[in-house]
Amino acid sequence: SKISVVHCFYFRGGAELLFDGVKKHQVTLPCQPEPWDIRNLLKWIKQNLLKERPELFMQGESVRPGILVLINDADWELMGELDYKLQDQDNVLFISTLHGG
Amino acid sequence: DRPCPRSHPRTCMKCGQGTAALVIRVGDPFCRDCFREYFVHKFRAMLGKNRVIFPGEKVLLALSGGPASSAMVRQVQEGLSREAAKRLRFVPSLVYVEEGAVCRQSPEQREQTLARMETLLQATGFPYHVIHLEEVLELPPSILQPGPERSGTSGPSGPSYKEAVDSFIQQQRQEGDSGTSLPGHSTQDTPAGPPATPRLPNAAQTQELLRIFEAAGTATAREELLQMLRTHLIVQTARNKGYTKVMTGESLTRVAIKLLTNLSLGRGAFLAVDTGFTDQRHGDVMVVRPMRDYTAKEIAFYNHFYSIPTVTVPPLFTKRREKPSIHLLTERFLLGLQEEFPSTISTVYRTGEKLSPEPAKASSESQRCLLCLCGLD
């Protein structure tokens, strides 16, 4: 059976500026046949949360270089990055380390 | 399930027990505790190895509100509070340069940023100074020259580092040091109690500042102008208040980007002063970069784990349809390359480490650039 999952996304380090300045988003992802991995999550974020300039957050199917991704306070590199399958109540945190000029 | 392409083992490589919280360098998983130890140790090792900060010396920490300088202040706090034998012994104060005018912030937004920074500064307990970028309009011409090198602090005429530390420890014992860790507040500096509400500069000054910045023809020139003016303000503050050292928070990532950016700007001859651990071009005030061995990722994770407060501000303004600055392009280039080749940034950094500043020469004879104080080449 299909389960909807609730996640908190946080944006920090300037990344929140792309999301209307809102740092914390609590969402329920809709049920769908495809699994909710980070790859699909990013697509969803781009379509539903990103208010402007998607190229400042994403590059291709991943996040822009310089944006860190933490899943439940751990480095996504430990979890399989884009392939990580989201679990109910997972927190995903995006921290931008970019400066601009 | 096919194997995850970039998935690292989940056990800490250092202690072999803890669950890994992050991967540093290329593929080294660390648990939170080992990472903290690594992070804190690196700061003390950096200062200990270089031995340029003398006991009791007044050091001005430049705080931008950003992650690196905030982490730096935390390391100073940690270092000052350790048990007597190993603790840091200098006397810190903080300086914050408010740049809202050139970030196109409204007066209300600037006040808000100031209030948040004020809270942050006060919470440290260190004396602090808040200055506005508009104050460059009041800088004396003396800022365009190096100040006289002070005798008695280091070098052949003063005590060696070891002698200075030994005599400091002895003095403390004689004075019956009770082991209080935080230095007393100098009466010249702003005390860390509730101060008057910071006032913004008047509109005319802000306009004049903006006029100067708008006159810069490119985003690159504007960026360089900002960095130069900010440095002048900080150095002048240090000079006015008797600080002999300034600490700035450039991270490894920032240093690598600056290295390549400055090469592109034609500053190849000055890479060592622009990015090295010490920068002595100002003469009486030495700039020190203790965060230059920390990657932006390490700093971001440390700040997250230990709730280091930061204040994010928008970047320097850009004009519509203007080409991006060399700074921005270099950042994009390096970070992009780093994705596929994870040793890119550290390689640039380590190559930069091999550069050393030119040996000190008779500075009265050599001609210097008024703006950056480096020798004309």
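Just so it is clear: chains get the letters A, B, ... in the order the sequence lines come, proteins before strands, and each one is counted from 1. The model shown is predicted, which means the values in this text are computed figures rather than measured ones.
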Measure across [X] and [Y] and return the closest heavy-atom pair with its distance rounded to 0.1 Å.
{"X": "Arg32(B)", "Y": "Asp73(A)", "answer": "NH2-CB, 3.8 Å"}
{"X": "Ala20(B)", "Y": "Leu78(A)", "answer": "O-CD1, 3.4 Å"}
{"X": "Thr97(A)", "Y": "Ala296(B)", "answer": "CB-CB, 3.9 Å"}

State whether the number of non-hydrogen atoms from other residues, nucleotides or ligands found under 6.0 Å of [X] atom [atom1] is greater than 12.
{"X": "Gln112(B)", "atom1": "CD", "result": "no"}
{"X": "Phe333(B)", "atom1": "CZ", "result": "no"}
{"X": "Glu37(B)", "atom1": "CD", "result": "no"}
{"X": "Lys319(B)", "atom1": "NZ", "result": "yes"}

With a 4.5 angstrom heavy-atom cut-off, which part of Arg222(B) approaches chain A: side chain, backbone, both or neither?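 Neither; nothing under 4.5 Å.
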Euclidean distance, [Y] [atom2] relative to [X] [atom1], rounded to 0.5 Å:
{"X": "Arg10(B)", "Y": "Met79(A)", "atom1": "CZ", "atom2": "CE", "answer": "5.0 Å"}
{"X": "Leu70(A)", "Y": "Phe301(B)", "atom1": "CG", "atom2": "CZ", "answer": "3.5 Å"}
{"X": "Ile257(B)", "Y": "Leu98(A)", "atom1": "CD1", "atom2": "CG", "answer": "8.0 Å"}

With a 4.0 Å cut-off, would you call Glu77(A) and Lys297(B) a salt bridge?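 Answer for the salt bridge query: yes.
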Heavy-atom cut-off 4.5 Å, strictly under: side chain, backbone, both or neither for Glu16(A) against chain B?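 Interface part for Glu16(A): side chain.
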Could you look at Leu82(A) and say if it's the side chain, the backbone, both or neither that has a heavy atom under 4.5 Å from chain B?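 Neither the backbone nor the side chain of Leu82(A) comes within 4.5 Å of chain B.
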Check for a donor-acceptor pair, side chain of Asp75(A) on one end and backbone N or O of Val23(B) on the other, with a separation under 3.5 Å.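 Indeed, once roles are kept as given, a pair shorter than 3.5 Å links the two residues.
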